[in-house]
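Numbers here are sequence positions counted from 1.
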Amino acid sequence: MLHIQRFTGTLKQTLLGVGVAVNRTMSSKSRVNGVDIAYEKVGTGAKPVLLLPGALGCSSTDFAPQIKRLNRDKFTIVAWDPRGYGRSIPPNRDYPLDFFQRDASDAVRLMENLGFSKFSLLGWSDGGNTACVIAGTYPEKVDKLVIWGSNAFITKEELATYESVRDISSWSERMRKPMIDVYGEEYFGKTWSSWVDAYLNIFKNREGNVCIDEVKKITAPSLIVHGMKDAMLPLFHPKFFHKNIKSSTAEYWEDGKHNLHLRYADKFNARVEEFLMSDQNRL
């Protein structure tokens with residue numbers, strides 16, 4: 001089992017990404033699968049890129065440095081709030097067994113609404129799982145894929161770790177406040193607990209299979225980044241992605257934690273830009 005103190009420290013660092021100011025070029029909503037989905041759109045570059053946030057995340061909490069500093073001449077950057085997260089409320093967030101597949105469908109339809117028939121994906125944590133579902137289910141839609149902090153399956157030991165932080169009242173005030181500022185204490189607490197239940201449901205009813213099947217169908221050139229100090233994600237997860245995504249490369253950042261794209265934003269952005277602009281057949 002992961003050491004709980006390390007886990008909560010990482011969680012605190014992750015949540016403290018909330019509230020960073022973002023220079024918004026376009027902030028709007030689009031009707032997708034019967035729901036109004038919020039998104040940020042910046043840049044006019046020829047290469048569209050969709051940013052997919054983690055659990056309870058949205059464009060403002062999870063991707064401020066990327067929205068603000070990725071090259072807007074080379075890329076058109078779209079950062080979305082999945083249904084029930086951020087400004088895509090209503091509806092309130094729920095977690096059916098196929099919620100990753102539902103998010104994948106929402107994301108693809110959003111990009112189609114915005115006029116993008118093919119695009120690259122940057123997915124963090126749960127957003128990386130959704131990105132893998134997109135890349136495996138809609139391969140014709142995906143140019144390139146970048147994931148970090150993600151897991152194609154879940155183990156019993158990881159469930160125990162999540163269960164130990166289910167109750168947000170056990171968190172420090174410093175940990176709770178950023179998400180409460182976004183959602184309010186009641187919605188945040190209820191939704192976080194439901195997220196823990198969602199993984200328990202996947203473990204019980206899908207034998208822990210989050211997106212294994214979709215991962216094995218991915219054909220897009222893919223970059224897998226893993227922080228070696230990620231207390232939330234054991235090393236076997238990025239190794240699984242690398243082994244099962246045929247056209248992939250994996251990079252292991254010695255000092256990286258779960259939120260490495262926030263802590264090392266300039267390094268991360270530079271590597272992502274290099275990868276997305278490289279020849280399709282070269283990683």
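At least one side-chain heavy atom of Tyr187 sits under 4.5 Å from a side-chain heavy atom of Arg93.
Between Pro91 and Val35, the closest heavy-atom pair is CD-CG1, 3.4 Å. Thr44 and Thr76 make their closest contact through C-OG1, 3.5 Å (heavy atoms, listed as atom of the first residue, atom of the second, distance).
Taking the ring centroids of His226 and Phe241, they lie at or beyond the 6.0 Å cut-off. Trp148 has its ring centre no less than 6.0 Å from the ring centre of His258.
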(request) Show the numbers, then the answer: is there a side chain to side chain contact (heavy atoms under 4.5 Å, CB included) between Tyr39 and Asp81? (result) CA-CA 6 Å; Tyr39 65 92; Asp81 296 1; over 6 Å; no

(message) Please evaluate residues Asn201 and Tyr95 with respect to the criterion side chain to side chain contact (heavy atoms under 4.5 Å, CB included), reporting the C-alpha separation (whole Å), side-chain torsions for both, the decisive distance (0.1 Å), and the verdict.
(response) CA-CA 9 Å; Asn201 192 24; Tyr95 296 95; over 6 Å; no

(message) Determine whether Tyr199 and Asp126 satisfy the following criterion, side chain to side chain contact (heavy atoms under 4.5 Å, CB included), listing intermediate values before the conclusion.
(response) CA-CA 11 Å; Tyr199 270 91; Asp126 269 16; 2.6 Å; yes

(message) Does Trp80 form a side chain to side chain contact (heavy atoms under 4.5 Å, CB included) with Leu50? I'd like the steps, not just the answer.
(response) CA-CA 8 Å; Trp80 81 316; Leu50 176 63; 4.2 Å; yes

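For the pair Lys239 and Tyr252, the cation sits on the ring face: its NZ or CZ lies under 6.0 Å from the ring centre, inside 45° of the axis. Both cation-pi conditions hold for Lys144 and Phe275: the charged atom is under 6.0 angstrom from the six-membered ring centre and inside a 45 degree cone around its axis.
The existence of a salt bridge linking Asp181 and Lys177 is confirmed by a sub-4.0 Å separation between a basic side-chain nitrogen and an acidic carboxylate oxygen. Between Asp103 and Arg83 there is no salt bridge, since no side-chain N of the basic residue sits under 4.0 Å from a carboxylate O of the acidic one.
Between the side chains of Ser193 and Arg166, at least one donor N or O lies within less than 3.5 Å of an accepting N or O. For Thr161 and Glu158, the side-chain atoms include no donor-acceptor pair closer than 3.5 Å. Ser30 and Asp36 share no donor-acceptor pair across their side chains, judged by distance under 3.5 Å alone.
Counting heavy atoms of neighbouring residues, nucleotides and ligands inside a 6.0 Å radius, atom NZ of Lys29 exceeds 12 of them. Around CD of Glu185, the count of heavy atoms belonging to other residues, nucleotides or ligands within 6.0 Å does not exceed 12.
Rounding to the nearest 0.5 Å gives a distance of 6.5 Å between NZ of Lys217 and CG of Asp213.
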